[in-house]
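Here is the structure we will look at, set down as structure tokens.
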Amino acid sequence: MSKVSIEINWSDCIVIFNSLIGNIEKLREVVESDDIDEDDLYEAEEELNDYVTLLTGLRTKYFECNEKGELSDSLLKKLNSIV
């Protein structure tokens, strides 16, 4: 299997983290809502799982980087609390 890599700019990394965290927070609200039917709940849980899995992988890659910029305390706190 070949290995493919993708490079992103530091500023893009922050946008990606913020976007994923925002979507995870919104989906958690949807999942916890009493106003959702089973089909929509299943879809929301699947999407939530996908976002958390992706964020976990990206967070791991971020911490493995030797030359990385610093994250704000609030973003770092959110990043660590979600995963």
Side-chain angles (χ1 to χ4, degrees):
M1 178 188 263
S2 65
K3 186 174 184 178
V4 177
S5 65
I6 297 173
E7 292 185 28
I8 58 173
N9 294 324
W10 173 244
S11 59
D12 293 338
C13 184
I14 293 172
V15 170
I16 292 168
F17 283 155
N18 280 323
S19 295
L20 287 171
I21 290 168
N23 286 327
I24 288 168
E25 289 171 344
K26 287 177 187 173
L27 281 168
R28 283 186 175 162
E29 289 176 14
V30 169
V31 167
E32 293 171 1
S33 169
D34 293 333
D35 299 331
I36 188 169
D37 66 36
E38 285 190 36
D39 290 334
D40 291 338
L41 176 61
Y42 177 80
E43 287 181 29
E45 288 175 334
E46 288 294 310
E47 190 173 0
L48 177 60
N49 184 52
D50 290 344
Y51 282 134
V52 170
T53 301
L54 178 58
L55 185 61
T56 301
L58 291 174
R59 184 186 80 151
T60 300
K61 292 293 184 189
Y62 165 78
F63 285 117
E64 290 174 351
C65 288
N66 293 326
E67 297 180 26
K68 60 183 177 264
E70 292 294 320
L71 296 174
S72 69
D73 289 339
S74 62
L75 179 55
L76 190 57
K77 183 178 177 180
K78 285 182 181 179
L79 186 61
N80 288 324
S81 71
I82 286 186
V83 199

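A distance of 7.0 Å separates CG of L76 from CG of D73, quoted to the nearest 0.5 Å. We find the CD-OH distance between E46 and Y51 to be 13.0 Å, quoted to the nearest 0.5 Å. Between the NZ atom of K77 and the CG atom of L79 there is a distance of 13.5 Å, given to the nearest 0.5 Å.
The only member of V52, L58, L54, T53 that meets side chain to side chain contact (heavy atoms under 4.5 Å, CB included) when paired with T56 is V52.
Residues that satisfy the side-chain contact (heavy atoms from CB on, under 4.5 Å) test with E64, not counting sequence neighbours, are T60, K61. S72 is linked by a side-chain contact (heavy atoms from CB on, under 4.5 Å) to S74, L75, counting only residues two or more places apart in sequence or in another chain.
Contact annotation: the side chain of I82 approaches that of R28 to within less than 4.5 Å [non-hydrogen atoms, C-beta and beyond].
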For residues 29-45, which side-chain N or O atoms pair as donor and acceptor with protein atoms under 3.5 Å away, sequence neighbours left out?
| residue | atom | partner | partner atom | Å |
| --- | --- | --- | --- | --- |
| S33 | OG | D35 | N | 3.0 |
| D37 | OD1 | D39 | N | 3.1 |
| D37 | OD1 | D40 | N | 2.8 |

Identify every side-chain donor-acceptor pair in residues 11-23 under 3.5 Å, counting partners at least two apart or on other chains, and give the distances.
| residue | atom | partner | partner atom | Å |
| --- | --- | --- | --- | --- |
| N18 | ND2 | I14 | O | 3.3 |
| S19 | OG | V15 | O | 2.9 |
| N23 | ND2 | S19 | O | 3.3 |

